[in-house]
Each structure stands twice: as structure tokens, then as C-alpha cells.
Amino acid sequence: MTTPDTSHRSLARPALLIAGLLLIASNLRAPVTGLAPILGVLQAHYALSPAQAGMLTTLPLLAFGFVSPFAALLAREYGLERTLFGAMWLVAGGLLVRSAGPLWCLYLGTAISGSGIAMGNVLLPSLVKRDFPARVPAVMGACALTMGGIAALVSAGVVPLAAAWGWQGALLAVIVFPLAAVAAWTSQLGAHTGPARGTAAPPHGGPVWHSALAWQVTLFMGINSLLYYVLISWLPAILADAGYTPAEAGAVHGGMQFASAVPGIVLAPLVGRMKDQTRVAASMALMMGVGLLGLLFLPAGATVWALLYGFGSGGGILLALIFMGLRASNARQAAALSGMAQCVGYTLAACGPALTGKLHDLAGGWTVPLAIGVVLSLAMAAFGALAGRARQIGDVPAGEKRLA
């Protein structure tokens, strides 16, 4: 018979788990996107070249690509809860180092925080798949909403904070989010670590890496990540060339990030009731393409195009995270798929901003980079339509199971 005390504990643990998941999610984008609004301040303070300043945006993405495949291996050894706990300490430690002052600390701290974020990106879908198997879309939707909302909040607040406390204080202020996650996650360290020992994602090879469906999910996420970080890096410059003031460009940039959080509210409840997600996945990619076309031909309406682009990109990452749960048959496979998708996806994303800048210099404008972005959004729509089919990796017909 369940006593009131045991009933209270049984209700309290899921509530603490959800709170911990959301606090972890709050750290998976904000430390990266929150740097962009004061990148000019850092460039002037350290006399950085554009390439050196750009590395501060690229470093976390390189960390995502390098660390992601190993996160599931750490979870296999130490458990999902303990590995996520360590990841949040890495984020906090990286933020502390990043704001210390010397230039080498700025780069080192950025890389350390990026490594912690990479581990959280990989393992969060696996934990959701394991503990909320019937509510993957709803829980991942709440995580995506938190991720985008906190990122937008930090991006909007970092410039006023820098004016009040200096750039070091503004960067350090973000540490409140990983410390809150550490505090909330402490209650999870003693529970449910056993299943995580079966979580494995080899850096190269393994069954998931030979699955056509896994590659469809991976490329859907990879192109989305590439396009998102290209526009995060270059939208202010695109708007400046179109005649916008820095304040106007900053407002549009922030609006795009707010829009990327909206799909967590709108899409998550719908996705769980869909037989498959083919149309919605393709639609998100096409929205991004329309946003890029608008910036190319009608930049005066940049606010509309940025909001459309942000919604499509936010919907794309939400669906990619949901696919890591829905297309996998168990938590082990979900972590392996997550590691693969984020390794490839963030490696692509790390190349995007630098290549886009080089294309701009070669072409003498933004026409060619934006046109290529439109073509990539069409490719993303095709991969999304394939990844959105109601299948799991083990269910794919034999002819599609292994790539030639």
C-alpha cells in the first residue's frame, strides 16, 4: 500500500527530473549565442583580426563536433546522470575561465564550455528517451523552448550588462545557469544509472553509422545547424550592408532567436499526435529557404524574414532532437544516433561561418552566400521528408539498412 510519504516522493522525483532537464537545456545554446552581441567589443579590446574574432564563434562548434561522439562512451562508463552533472561543471568552469581576462583564457574557456555543451546536447535526448518514452515530443519540446528562450534572453541582456559591469562581468553573469543546473541535478546522482552503462556511440563505425535513416536524420540536423550558425554570425553584417543601423540589426538578430524558441510551444504538442513528421520537417526547411530569399530580394522586410527563418530553424532543431528519440528503438541507440548527428552536424556548422565570410569576400556581396543557403534549405527539406517517416532504425527495410 502506498503511504502519503511514498506517494509524495514518487511525485517529487519526476518534478525534480523535469526541472533538472530544463535547467540543463538552458545551458545548451546561450553561452555560444550570447557571445555574438559583444564580439565587436572583444575585437576592439584585444585588437583581434576578423578571423581571430570569428574563432570565438567557431571554437564551440568544433568542440561540439569533436566531443559529441565520446559523450555516450562517458555515459556508458559513469552513467547518464553523473556525466550530465560533469558536463554542467565544465560549462560553469569554462565560463569562469572565459571571463578571467587574458586572451588565452577567452579561447580556452570558450572551448571548455563548448565541450560541456556538447555532452549535454548528446545525452539529453537519451535520458528523455529512457525516462519519458511515451512523451518524447512533449519533453523535448519543453527543452527546446527553454534552450531557445534562454539564448534569446542572454543575447538581449549581454549588451546592457556589458555597459553596466564590463564585458567580463557580462560574460560571467551567464554562469548562473550551469550553477542552477548543478544544484538541481544533484538529486539525480544516485538514481537510474544502470541503463546508461549500455549507452555507446563509437566515434567511427558501429551499426547506427551504417543506417540510411540515421544519415537522413544526421544531414537534416547538420544542414539546419550550418544554416543557423551562418545567420547567427553574419545577419548583422547582412543587415548593415542593406542600410540597417547596428541597433536595428541587433533587434532583428534577437527577434530571430526568440522566434526559434516558439516551435517548442507550437510544434511539440502536434508532433506527438502525428503518424509521421514528413510534411512538417520539410516545411521547416522551406520556411528557412523563404526567409533567405526574402533577405536576398526584399531586405526592407528583414524582421519578417528573420522571424520566419528563426521559426523554421527552431522547428528543425526541435524535430531533429525528437527524431533522435523516435527513430531509435532504445536509449542506447538514441545516444548513438545523437552522437553521430551532432558530430557530423556541428562539424558542418563549424565550417559554415568562415566559408560564408570567404564567399562574401570573393563574390563582393551577400548574393552568392544567400543563394547557396537557399539551395541547402531545399536539400534539408528532402532529408527532413525522409527522416520524418514513421520508422525506427531497426525497422528500415534491408535494402536501406546499410549504405553502399
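Values below: all heavy atoms of this structure, side chains included; hydrogens, waters and symmetry mates excluded.
Annotation: the span from Leu231 atom CG to Tyr309 atom OH amounts to 4.5 Å, rounded to 0.5 Å. From Leu355, atom CG reaches atom NE2 of His360 across 14.5 Å, with rounding to the nearest 0.5 Å. Separating the CD atom in Gln216 from the CD1 atom in Ile393 is a distance of 10.0 Å, to the nearest 0.5 Å. To the nearest 0.5 Å, the span separating OG on Ser260 from CG on Leu145 amounts to 9.5 Å. Atom CH2 of residue Trp185 and atom CZ of residue Arg82 lie 12.5 Å apart, to the nearest 0.5 angstrom. Here the CD1-CD1 distance, from Ile117 to Ile112, works out to 12.0 Å after rounding to the nearest 0.5 Å.
Side-chain contact between Leu90 and Ser113 is absent, with no heavy atoms from C-beta onward closer than 4.5 Å. In this structure the side chain of Phe132 reaches within 4.5 angstrom of the side chain of Ile18, judged on heavy atoms. Side-chain contact between Leu124 and Leu321 is absent, with no heavy-atom pair separated by less than 4.5 Å. A heavy-atom distance below 4.5 Å is not found between the side chains of Leu226 and Cys351. Side-chain atoms of Met340 and Val217, non-hydrogen and from C-beta on, never get closer than 4.5 Å to each other. The shortest side-chain heavy-atom distance between Phe220 and Leu319 falls under the 4.5 Å cut-off. Here the side chains of Tyr78 and Leu73 are not in contact, with every heavy-atom distance at 4.5 Å or above. Inter-residue side-chain proximity for Met221 and Tyr346 is flagged as met; some heavy-atom pair is nearer than 4.5 Å.
Counting non-hydrogen atoms of neighbouring residues, nucleotides and ligands closer than 6.0 angstrom, the CZ atom of Phe66 reaches no more than 12 such neighbours.
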Carefully, step by step, assess Leu35 and Leu42 under the rule side-chain contact (heavy atoms from CB on, under 4.5 Å). CA-CA 9 Å; Leu35 191 64; Leu42 297 174; 3.6 Å; yes

Can you check side-chain contact (heavy atoms from CB on, under 4.5 Å) on Leu80 and Thr83, steps first, answer last?
CA-CA 5 Å; Leu80 280 171; Thr83 307; 6.0 Å; no

Practice prompt. For the pair His253 and Ile232, evaluate side-chain contact (heavy atoms from CB on, under 4.5 Å) and give the outcome as yes or no after the intermediate values.
Written response: CA-CA 7 Å; His253 188 267; Ile232 281 290; 4.0 Å; yes

With side-chain contact (heavy atoms from CB on, under 4.5 Å) as the test, would you mind laying out the steps for Met287 and Phe311 before giving the verdict? CA-CA 8 Å; Met287 287 175 69; Phe311 187 94; 3.3 Å; yes

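Proximity of a side-chain donor or acceptor of Arg98 to a complementary backbone N or O of Pro31 within less than 3.5 Å is detected. Listed for the Thr146 side chain is no donor-acceptor partner under 3.5 Å among the backbone atoms of Ser26. Judged by distance alone, with hydrogens and angles left aside, the side-chain atoms of Trp305 form a donor-acceptor pair with the main-chain N or O of Leu298 at under 3.5 Å.
For the side chain to side chain contact (heavy atoms under 4.5 Å, CB included) with Val230, the qualifying choice from Thr356, Leu370, Leu235 is Thr356, the only one to do so.
Annotation for Gly289 and Val374: closest pair O-CG2, 3.9 Å, computed over non-hydrogen atoms. Among all heavy-atom pairs drawn from Leu307 and Gly255, the shortest one is CD2-O, 3.4 Å. Shown here for Ser99 and Leu171, the closest heavy-atom pair between the two residues is CB-CB, 4.3 Å. A pairwise comparison of heavy atoms in Trp234 and Pro353 identifies NE1-O, 2.8 Å as the closest pair. The two residues Ser313 and Tyr228 have their closest heavy-atom pair at OG-CD1, 3.2 Å. Heavy atoms only, all atoms of each residue included: Val280 and Gln277 are closest at CG1-O, 3.3 Å.
No side-chain N or O of Gln257 forms a donor-acceptor pair with one of Arg29 less than 3.5 Å apart.
A perpendicular orientation is assigned to the rings of Trp215 and Trp209, their planes being inclined by more than 60° (bins at 30° and 60°). Classified by interplanar angle (parallel below 30°, tilted 30° to 60°, perpendicular above 60°), the ring pair Trp167/Tyr46 is perpendicular.
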